Amino acid sequence: MSTVLTGKEVAQAIKEDCRLRVELLQKDHIYPKLAVLRLGQRADDINYENSILKNAQNLGIASQSVTLPESCLQQELEDVLDRLSADPHIHGILLFCPLPKQIDTKAALQHLNPAKDIDGLTYGNYAHIYAGDREGFAPCTPSAVMALLDFYHIAVAGKNVLVIGRSLVVGKPLAMLLLGQNATVTVAHSKTEQLPALCQKADIVCAAVGRANFVDDTFVSENQIVIDVGVNADPKRENAVCGDVDFAKVQDKVAAITPVPRGVGSVTTAILLRNTVIAAERMANREG
Ligand code: NAP
């Protein structure tokens, strides 16, 4: 029977740390504040936003919700990003992506101050992640994977880690963060040949594929740690989500595995709030 690595305890530990750090900042009259910028009324985005705002409030982090119409023009979005980026009372900005198709995302992100880019979307933060200098913000999902591994004392140094997926929001930054912790990292993608055999050889497998139940029992071997980043509509159950790993088939074949839901995804909001606190700390140090 494998160990199930749930995210709730990880998130709680991060939030507790945040709470203490917010108290310290408040003693110096610094009040961490998060701005959440959403275009349109997608139900998933609204649910996520409500959860972020509630969690922020519980930790003493102030927040501001900014909503633009889905039909919003490039200039309107860039003006709002400029305003939030320049506002000294706002420390972190979360811009919900993907943006509507009329928006040039790359151009818009140039108006997001990298020091406030708590979800690591900007080129300024890519550079920090690539340089491994810990001065920027990595996207929250790969950071959540690293926090989960750390919480469960799963050392990656010297281990063979296979990351399946090479997107800019998950696979690539995750590979860089793992490399920064001295893992030996292989990145697989849709053109990778003989993936199941490659996967079996890894000590740790991180699946960020975006395909429901893609990693099955033919991919894994005993003693492996399997981290499932995927969030997909479950093809077998209505209104349910499942991961990129076929949990039922894999669970008993490996040493440890994250579930979906209640795995990596449970940690991402805590990371986002921690990044807001870090942004406030950094700004305070720069000003002080
Ligand atoms: P993405 O942009 O669609 O990237 C998917 C990656 O998987 C691509 O690099 C693609 O390779 C690779 N891939 C696709 N089919 C493959 C195959 N047959 N064999 C090997 N590799 C294959 O997705 P993403 O944004 O990185 O997200 C990945 C998963 O994480 C999704 O399920 C998403 O919902 C989930 N996610 C979760 C969270 C969270 O908080 N837990 C946050 C963000 C995303 P190519 O580059 O060759 O096309």
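Small disclaimer: the values here were computed from a predicted structure and weren't measured. Every number for a ligand or one of its atoms is a count from 1 in the order of the listing.
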> Closest non-hydrogen protein atom to atom 9 (O) of ligand 1, residue and atom name please, with distance?
Replying inline: R166 N, 2.8 Å
> Tell me: protein heavy atom nearest atom 21 (N) of ligand 1, and distance?
Replying inline: H189 C, 3.1 Å
> Any N or O of G165 that comes nearer than 3.5 Å to an N or O of ligand 1?
Replying inline: no
> Do V264 and T141 touch side chain to side chain, with heavy atoms closer than 4.5 Å?
Replying inline: yes
>> Heavy-atom distances under 4.0 Å decide this one: backbone, side chain, both or neither, for L195 against ligand 1?
In response: side chain
>> I want to check a possible cation-pi pair here: R262 against F247, using under 6.0 Å from ring centre and within 45° of the ring axis as the test.
In response: no
> So, R21 and D17, do they make that salt bridge, N to O below 4.0 Å?
Replying inline: yes
> Which protein non-hydrogen atom lies closest to atom 27 (O) of ligand 1, naming both residue and atom, and how far is it?
Replying inline: V170 CG2, 4.1 Å
> Out of A208, S167, G210, who gets a non-hydrogen atom closest to atom 26 (O) of ligand 1?
Replying inline: S167
>> Could you work out, for atom 32 (O) of ligand 1, the closest of V231, V260, V267 by heavy-atom distance?
In response: V231
> Where the side chain of Q41 meets the backbone of I46, is there a donor-acceptor pair that is under 3.5 Å apart?
Replying inline: no
> When you look at OH of Y31, are more than 12 heavy atoms from neighbouring residues, nucleotides or ligands closer to it than 6.0 Å?
Replying inline: yes
>> I'd like to know if the side chain of E49 reaches the main chain of S65, judged simply by a donor and an acceptor atom lying under 3.5 Å from each other, with no hydrogens or angles considered.
In response: no
> Would you say the side-chain atoms of Y152 pair up with the backbone N or O of T6, donor to acceptor, closer than 3.5 Å?
Replying inline: yes
>> Give me the nearest non-hydrogen protein atom to atom 19 (N) of ligand 1 as residue plus atom name, then the distance to 0.1 Å.
In response: F214 CZ, 3.5 Å
>> Tell me whether H89 at atom NE2 has more than 12 heavy atoms from other residues, nucleotides or ligands lying less than 6.0 Å away.
In response: no
>> Which of the numbered atoms in ligand 1 are under 4.0 angstrom from any heavy atom belonging to T268?
In response: 40 (O)
> Which bit of V229 is near ligand 1, meaning a heavy atom under 4.0 Å away: side chain, backbone, both or neither?
Replying inline: both
>> Measuring only between side-chain heavy atoms, which start at C-beta, is N213 closer than 4.5 Å to D244?
In response: no
> Any side-chain heavy atom of F214 sitting closer than 4.5 Å to one from N232?
Replying inline: no
>> Please list the nearest protein heavy atom to atom 18 (N) of ligand 1 with its residue and the distance rounded to 0.1 Å.
In response: R211 NH1, 3.0 Å
>> Does any N or O of ligand 1 fall below 3.5 Å from an N or O anywhere on T141, backbone included?
In response: yes
>> Need the ligand 1 atom indices (1-based, order shown) with element for anything under 4.0 Å from a heavy-atom of D244.
In response: 29 (C), 32 (O)
> Are E281 and N285 close enough, and set up right, to give a side chain to side chain donor-acceptor pair (under 3.5 Å), and what steps lead you there?
Replying inline: CA-CA 6 Å; E281 289 169 345; N285 286 339; over 6 Å; no
> Just heavy atoms, cut-off under 4.0 Å: does V169 contact ligand 1 by side chain, backbone, both, or neither?
Replying inline: side chain
> What residue and heavy atom of the protein are closest to atom 13 (N) of ligand 1, and at what distance?
Replying inline: V209 CG1, 3.6 Å
>> I'd like to know whether ligand 1 has T192 as a neighbour, heavy-atom separation below 4.0 Å.
In response: no
> Looking only at protein heavy atoms, which one is nearest to atom 10 (C) of ligand 1, and how far off is it?
Replying inline: S190 N, 4.3 Å
>> Give the atom numbers and elements of ligand 1 that come within less than 4.0 Å of a heavy atom of G230.
In response: 29 (C), 30 (O), 32 (O), 35 (C)
